[in-house]
Amino acid sequence: GNGRLLISSSTTWIHDEGYSLSAELSDDMEGKHVVATSEEIPLAVDADSIHQLHIPLSEAKVWNLSRPNLYLLTVMLHKGGKVVCRGKVKVGLKATELVNNKKLLLNGQPVLLKKFVYEEKEPLAKEEMRKQLIGLKSKGYNAIVLQCPQVPAFYDLCDELGVLVFEGKAGKW
């Protein structure tokens with residue numbers, strides 16, 4: 001199918017014509033094997049706007065709890081046919097939907113959540129976080145309810161290991 005990538009950007013610093021934006025999705029973290037590339041769209045001069053890039057995703061696999069497929073998304077700024085800036089981020093392709101305020105669908109399939117309330121306030125070392133999350137997965141937990149925000153490495157590990165993350169407070173999530 002097709003994916004839609006929305007990029008919100010401040011382009012008021014662009015005072016001349018010729019800038020454009022594109023994106024590509026790679027299936028390895030070095031970006032060597034490109035799975036899909038968007039079209040290149042021109043950027044308006046002196047305007048803040050949301051840009052929509054369409055990426056064909058026919059070869060891409062979705063992220064789910066048992067197979068957390070991750071991709072490297074690279075967004076590129078072009079000027080005069082040359083890439084002048086690029087940003088990279090790991091992404092998982094998934095669709096979530098809450099039905100009747102109680103049933104969660106992940107990629108169209110119902111998910112039975114076994115959630116663990118995570119109360120760590122001080123960040124752990126990355127390998128300690130990994131051990132902890134692998135231990136929770138081995139006990140059947142597939143979702144974490146956070147009592148306070150965590151460091152970015154925590155969220156990256158959850159994406160990598162196939163764990164959903166919810167923000168929670170006082171027993172609610």
Side-chain angles (χ1 to χ4, degrees), residues 1-10 21 23-31 33-36 38 50-76 86-173:
N2 285 310
R4 184 177 62 182
L5 175 64
L6 298 176
I7 298 175
S8 176
S9 62
S10 174
L21 200 60
E24 63 185 28
L25 203 61
S26 304
D27 66 357
D28 63 45
M29 291 304 120
E30 287 83 43
H33 181 251
V34 175
V35 173
S38 77
I50 294 176
H51 310 286
Q52 293 189 27
L53 295 172
H54 295 274
I55 300 177
L57 297 174
S58 58
E59 293 180 39
K61 297 177 178 124
V62 295
W63 181 100
N64 61 47
L65 298 169
S66 59
R67 289 196 183 105
N69 297 298
L70 292 176
Y71 293 90
L72 182 66
L73 175 66
T74 304
V75 179
M76 294 159 285
R86 71 180 75 224
K88 297 179 180 192
V89 65
K90 283 195 286 188
V91 297
L93 307 172
K94 59 184 167 285
T96 57
E97 181 182 354
L98 191 58
V99 179
N100 296 331
N101 228 8
K102 57 172 129 172
K103 187 194 308 187
L104 178 69
L105 300 181
L106 179 61
N107 304 320
Q109 301 297 313
V111 176
L112 180 60
L113 294 176
K114 184 172 179 186
K115 40 189 204 266
F116 179 83
V117 178
Y118 194 81
E119 297 177 345
E120 291 288 341
K121 291 185 173 49
E122 295 298 320
L124 301 173
K126 188 172 182 176
E127 281 312 306
E128 282 301 310
M129 282 187 278
R130 178 183 298 281
K131 285 180 195 172
Q132 197 174 54
L133 289 169
I134 289 172
L136 291 171
K137 282 280 289 193
S138 71
K139 293 177 182 170
Y141 291 101
N142 58 13
I144 300 281
V145 179
L146 295 178
Q147 296 299 300
C148 60
Q150 297 295 312
V151 295
F154 178 85
Y155 300 99
D156 291 343
L157 285 169
C158 288
D159 281 344
E160 181 185 318
L161 297 170
V163 177
L164 293 171
V165 178
F166 298 89
E167 291 182 356
K169 175 168 128 175
K172 296 183 180 186
W173 58 282

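Computed from a predicted structure; not experimentally measured. In what follows, every heavy atom counts, from backbone to side chain, and hydrogens, waters and symmetry copies are set aside.
A search for side chain to side chain contact (heavy atoms under 4.5 Å, CB included) contacts involving E119 returns V117, Q147, not counting sequence neighbours. Applying the ring-ring contact (aromatic ring centres under 6.0 Å, His included) criterion to Y71, with sequence neighbours excluded, gives no partner residue. Taking the salt bridge (charged side-chain N to carboxylate O under 4.0 Å, His left out) definition, one finds that K131 meets it with E128, sequence neighbours left out.
Annotation: L98, atom CG; neighbour count of heavy atoms from other residues, nucleotides and ligands within 6.0 Å is above 12.
Closest of all the heavy-atom pairs between A36 and P56 is CB-O, 2.8 Å. When all heavy atoms of N107 and K94 are compared, the pair lying nearest together is OD1-CA, 3.2 Å. Residue Q150 comes nearest to E120 through the heavy atom pair NE2-O, 2.8 Å, listed as atom of the first residue, atom of the second, then distance. Minimum heavy-atom separation, L93 to K61: CD1-O, 4.1 Å. Taking each heavy atom of P68 and E160 in turn, the nearest pair found is CG-O, 3.1 Å. Here the closest non-hydrogen pair linking A143 and L113 is CB-CD2, 4.1 Å.
With hydrogens and angles disregarded, no donor-acceptor distance shorter than 3.5 Å links the side chain of N100 to the backbone of K102. With hydrogens and angles ignored, the 3.5 Å screen pairs a side-chain donor or acceptor of S38 with a backbone N or O of A23. With hydrogens and angles ignored, the 3.5 Å screen pairs a side-chain donor or acceptor of N69 with a backbone N or O of V62.
Here the straight-line distance linking atom CG of N142 with atom CG of L136 works out to 11.0 Å at 0.5 Å rounding.
Counting heavy atoms from C-beta outward, T74 and M76 have side chains that approach closer than 4.5 Å.
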